[in-house]
Amino acid sequence: MSMLLALVIASTVSIGAIAFLTSTDRRRRKVHHNDRRQRARLPGIAAWVLTFAPAVVLWQLQQFSALLSWIGVLSVAGWLVAASPPRQSPTEPARSTR
């Protein structure tokens, strides 16, 4: 498996798991005054494992350059998610900015 293909697959899996974790985080929604209650389809532990599982796979495949690049992609994706406010559901009324 090429380094680029391994990096793309690992990054896609991890970013998907990060997106799932941020969409189900109650504390994040509470801070941004978006208290929509939503049940998680997957337990939180499974999503965390899915976030970091590509590291083990890349290590076992001895794709060390892909592993280092994946760490960089994961940290940038985490910062981008932390910087963006959560989306409001279409059924909720728009809140005022006052």
Heavy-atom pair with the smallest gap, counting every atom of Leu7 and Ala66: CD1-O, 3.7 Å
Ile18 versus Val81, closest heavy-atom pair with distance: CG2-CG2, 3.8 Å
Leu5 with Val57, same ILVMFWY side-chain cluster at under 4.5 Å: yes
Backbone of Ser14 reached by a side-chain donor or acceptor of Thr51 within 3.5 Å: no
Separation between OG of Ser11 and CD1 of Ile71, rounded to the nearest 0.5 Å: 11.0 Å
Single-linkage hydrophobic cluster, 4.5 Å side-chain cutoff, Phe52 and Leu58 together: yes
Same apolar cluster: Leu74 and Leu4, side chain cutoff 4.5 Å: no
Nearest heavy atoms of Gln63 and Ala6, plus distance in Å: CG-CB, 4.4 Å
Closest heavy-atom pair and its distance - Ile15, Val73: CD1-CG1, 4.1 Å
Which atom of Trp70 lies closest to which atom of Pro54, heavy atoms considered: NE1-CB, 4.0 Å
CG on Leu61 to CE on Met3, rounded to 0.5 Å: 13.5 Å
